Amino acid sequence: MMPPTDVKDRHVANRQGAVFALADMVFVVISMGVIKQAGATFPAIQLVFFRATVGLLLIAPLIWRYRSDVFNSRQMKAHVGRVLCSTMALSCNYAATAALPLTLVTVIGFTRPSSSWDLPPSCWANAS
């Protein structure tokens with residue numbers, strides 16, 4: 001997706017981006033609170049499984065619509081590896097959230113490296 005060239009379009013895109021960023025922050029805070037509460041009762045891996053199940057149900061229509069592209073990927077091993085790494089990382093994050101104060105988990109999260117590699121490949125050319 002190319003960035004808008006018109007000044008008015010850029011302002012609209014910037015406002016939309018700000019709204020999405022703020023919504024992301026709100027949902028992350030809500031999610032952390034839910035994980036903190038549920039982590040007192042359920043093990044982290046069970047919470048990760050529940051999250052993955054809900055996510056799968058939400059994207060199932062897209063998977064079905066584009067099933068030929070999804071299941072004919074030439075990078076299936078890479079996708080499976082990424083899913084396994086993400087599952088481990090999310091399990092560790094959920095376990096830490098359940099065991100530690102939320103402020104400490106947040107501070108530790110801020111210490112993780114952040115770079116252009118966090119961006120999708122389509123943005124790498126535009127990353128500064």
Side-chain angles (χ1 to χ4, degrees):
M1 181 174 172
M2 295 298 297
T5 55
D6 184 29
V7 172
K8 183 180 178 185
D9 291 339
R10 278 189 292 186
H11 290 302
V12 170
N14 286 344
R15 273 189 238 112
Q16 288 174 338
V19 167
F20 284 130
L22 290 172
D24 172 65
M25 290 178 201
V26 168
F27 288 127
V28 166
V29 168
I30 291 170
S31 175
M32 294 286 276
V34 169
I35 293 164
K36 183 73 173 167
Q37 291 296 317
T41 308
F42 301 103
I45 194 70
Q46 192 170 0
L47 296 175
V48 171
F49 177 79
F50 178 71
R51 181 184 180 271
T53 302
V54 170
L56 179 62
L57 291 174
L58 290 174
I59 66 166
L62 287 173
I63 293 172
W64 182 255
R65 182 175 179 183
Y66 299 105
R67 63 189 174 270
S68 63
D69 295 331
V70 171
F71 296 111
N72 291 328
S73 174
R74 289 181 284 159
Q75 301 175 349
M76 195 57 73
K77 288 181 182 179
H79 292 310
V80 170
R82 187 191 63 80
V83 167
L84 291 173
C85 289
S86 295
T87 301
M88 292 301 299
L90 199 58
S91 298
C92 292
N93 189 328
Y94 281 20
T97 301
L100 300 171
L102 286 178
T103 52
L104 183 58
V105 174
T106 302
V107 169
I108 292 170
F110 284 142
T111 64
R112 77 177 175 91
S114 181
S115 68
S116 60
W117 292 108
D118 292 340
L119 299 171
S122 61
C123 298
W124 288 347
N126 300 326
S128 54

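Here the structure is a predicted model, which is why all the values come from computation and not from measurement. Residue indices begin at 1 and follow the sequence shown.
Grouping the Ile, Leu, Val, Met, Phe, Trp and Tyr side chains by contacts below 4.5 angstrom, directly or via other members, places Leu58 apart from Tyr66. No continuous path of ILVMFWY side-chain contacts below 4.5 Å connects Ile35 to Val28, so the two sit in separate hydrophobic clusters. Grouping the Ile, Leu, Val, Met, Phe, Trp and Tyr side chains by contacts below 4.5 angstrom, directly or via other members, places Val12 apart from Phe20. One hydrophobic cluster, built from ILVMFWY side chains closer than 4.5 Å, cannot hold both Val29 and Met32; they sit in different ones. Hydrophobic clustering keeps Val54 apart from Ile63 (ILVMFWY residues linked when any side-chain heavy atoms are closer than 4.5 Å, directly or through intermediates).
The shortest distance between side-chain heavy atoms of Thr87 and Val83 falls below 4.5 Å. With a 4.5 Å cut-off on side-chain heavy atoms, Val48 and Asn93 do not count as touching.
Nearest heavy atom pair, residue Gly39 against residue Ala98, reads CA-CB, 3.7 Å. Contact between Ala44 and Ser91 at its shortest, heavy atoms only, is CB-O, 3.6 Å. Across every non-hydrogen atom of Ala38 and Leu47, the tightest pair is CB-CD2, 3.6 Å.
Remark: Met76 CE is packed, more than 12 non-hydrogen atoms of other residues, nucleotides or ligands lying under 6.0 Å away. The local environment of CZ in Arg65 is sparse, with at most 12 non-hydrogen atoms from other residues, nucleotides or ligands closer than 6.0 Å.
In this structure, Thr53 OG1 and Phe50 CZ are separated by 7.5 Å, a value rounded to the nearest 0.5 Å. Rounded to the nearest 0.5 angstrom, Arg15 CZ and Arg10 CZ are separated by 13.0 Å.
No donor-acceptor pair closer than 3.5 Å links the side chain of Lys36 to the backbone N or O of Leu102. A distance-only check finds a donor-acceptor pair linking the side chain of Thr111 to the backbone of Ile108 [under 3.5 Å].
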Full working for side-chain contact (heavy atoms from CB on, under 4.5 Å) between Arg67 and Trp64:
CA-CA 5 Å; Arg67 63 189 174 270; Trp64 182 255; 3.3 Å; yes
